[in-house]
Amino acid sequence: MRSYAVSVALLVVFALPRICSGQVLGPDAYFSSAAAVQQALMLLPPPPAPGTAAQAANVQLLNSVMIAASPQAVAKAQADAVPSVFDFSAVLGTGFNAQDLPVTNSFFNKVTINTQNTNISLDRIYNSQGPVTASSYPSAHTVLGFVDGMILSAMIPEKQDQLTTYGVQFGLNRLILGQHWPTDVGAGQMEAGILLFDLNASPQFQSDLGAAKAELRAQQGLK
């Protein structure tokens, strides 16, 4: 498996500029998305191939999750179908919105662009067919929810458990709605861990985080 990852990573060194052409959402604010792609390719397992036992297990688990999901769970999953950091208003209250928090909004926009530049490239490279759409591995919803939830929990540690749980739920919601395979979600969680490490290593990220944290904590009535 590692030889597979090394081979793909070497290919990406030459192919990445062409693959990313027209796909980059904006400039990388905090880390090199091209370097993060190479990191991820070295660490993520390849997606299960069609017709394999692993893919059969994917199908079985997804069907089980969808059958077990309550109407309430489906409704909540549909509410997060277009992900945004401000979906976390379910935890932080209606005051957690872009209009009232311009510094926080700008900060998370940069985080989203930087992380999604990486995810777009990985989706294109793996080109793994999901239950609904192609280029499904890793799951972008999972990455966004996990990254945003972990950052918010660092900003508001008083609600760490609720924020991290809500962030993880972004990925689980994709299973409830039948939009991603379980392996897509697992890969998204692994990718998010890589990106969080790269974000926290950036001095600019730490500076922007501090400003956004001060604004958000003031809005929340916290010192």
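One is the number of the first residue; the rest follow in order along the sequence. Keep in mind it's a predicted model, so treat the numbers as computed, not measured.
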Does [X] reach the main-chain N or O of [Y] with its side chain, forming a donor-acceptor pair under 3.5 Å?
X: T165; Y: D161; value: yes
X: N114; Y: F31; value: yes
X: R217; Y: M155; value: yes
X: E191; Y: A40; value: no
X: S207; Y: Q204; value: no
X: T115; Y: T112; value: yes
X: S89; Y: L92; value: no
X: D87; Y: P83; value: no
X: T52; Y: P48; value: no
X: H180; Y: G171; value: no

So how far is it from [X] [atom1] to [Y] [atom2], rounded to the nearest 0.5 Å?
X: L41; Y: I194; atom1: CG; atom2: CD1; answer: 9.0 Å
X: L177; Y: H141; atom1: CG; atom2: NE2; answer: 8.5 Å
X: I156; Y: L216; atom1: CD1; atom2: CG; answer: 4.0 Å
X: L122; Y: L44; atom1: CG; atom2: CG; answer: 6.5 Å
X: L195; Y: N119; atom1: CG; atom2: CG; answer: 8.0 Å
X: E158; Y: L222; atom1: CD; atom2: CG; answer: 5.0 Å

For [X] and [Y], work out which heavy atoms get closest and say how close.
X: S136; Y: D123; value: C-OD1, 4.1 Å
X: T183; Y: Y137; value: O-CE1, 3.5 Å
X: G95; Y: L101; value: O-CD1, 3.8 Å
X: V37; Y: S121; value: CG2-CB, 3.6 Å
X: V143; Y: Q116; value: CG1-NE2, 4.1 Å
X: P47; Y: S128; value: CB-OG, 3.5 Å

Do you reckon L163 sits in the same ILVMFWY cluster as L172, going by side-chain contacts under 4.5 Å, direct or chained?
->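 Result: yes, single cluster for both.
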Spell out, yes or no, whether V65 and V59 are grouped together once hydrophobic residues are joined by side-chain heavy atoms under 4.5 Å, including indirect joins.
-> yes
D184/R174 under side-chain contact (heavy atoms from CB on, under 4.5 Å): CA gap, chis, key distance, verdict = CA-CA 9 Å; D184 298 341; R174 305 312 285 163; over 6 Å; no
Qualifying residue for side chain to side chain contact (heavy atoms under 4.5 Å, CB included) with F107, from N105, V111, V103 = V111
List the steps, then state whether side-chain contact (heavy atoms from CB on, under 4.5 Å) holds for L196 with F146.
-> CA-CA 9 Å; L196 285 164; F146 200 101; 4.0 Å; yes
In sequence, state the C-alpha distance, the side-chain angles, and the governing distance for F88 and Y166, and then conclude on ring-ring contact (aromatic ring centres under 6.0 Å, His included).
-> CA-CA 7 Å; F88 284 85; Y166 195 88; 5.1 Å; yes
Compute whether any side-chain donor of one residue and acceptor of the other, for [X] and [Y], lie under 3.5 angstrom apart.
X: N58; Y: Q55; value: yes
X: D100; Y: Q219; value: no
X: T104; Y: E215; value: yes

Begin from the C-alpha positions of L175 and L61 and carry the test side-chain contact (heavy atoms from CB on, under 4.5 Å) through to its verdict.
-> CA-CA 9 Å; L175 304 181; L61 181 55; 6.0 Å; no
Paired with S33, the side-chain hydrogen bond (donor to acceptor under 3.5 Å, both in side chains) test is passed by just one of N117, D28, T118, namely D28
What do you reckon, are the aromatic ring centroids of F86 and F96 less than 6.0 Å apart?
-> yes
K159, NZ atom: more than 12 neighbouring heavy atoms under 6.0 Å =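 Counting other residues, nucleotides and ligands, NZ of K159 exceeds 12 neighbours.
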Measure the shortest side-chain to side-chain distance between F205 and I151 over non-hydrogen atoms and say whether it is less than 4.5 angstrom.
->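 Yes; the side chains approach each other to less than 4.5 Å.
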Flag the pair L199 / V147 as yes when at least one side-chain heavy-atom distance between them is below 4.5 Å, and no otherwise.
->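 The answer is yes, as the side chains (C-beta and beyond) meet within the 4.5 Å cut-off.
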side-chain contact (heavy atoms from CB on, under 4.5 Å) evaluation trace for I176 with Q78 = CA-CA 9 Å; I176 290 171; Q78 290 171 337; over 6 Å; no
Considering only NZ, NE, NH1 and NH2 on the basic side and carboxylate oxygens on the acidic side, decide whether K110 and D208 come within less than 4.0 Å.
->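 Yes, this pair counts.
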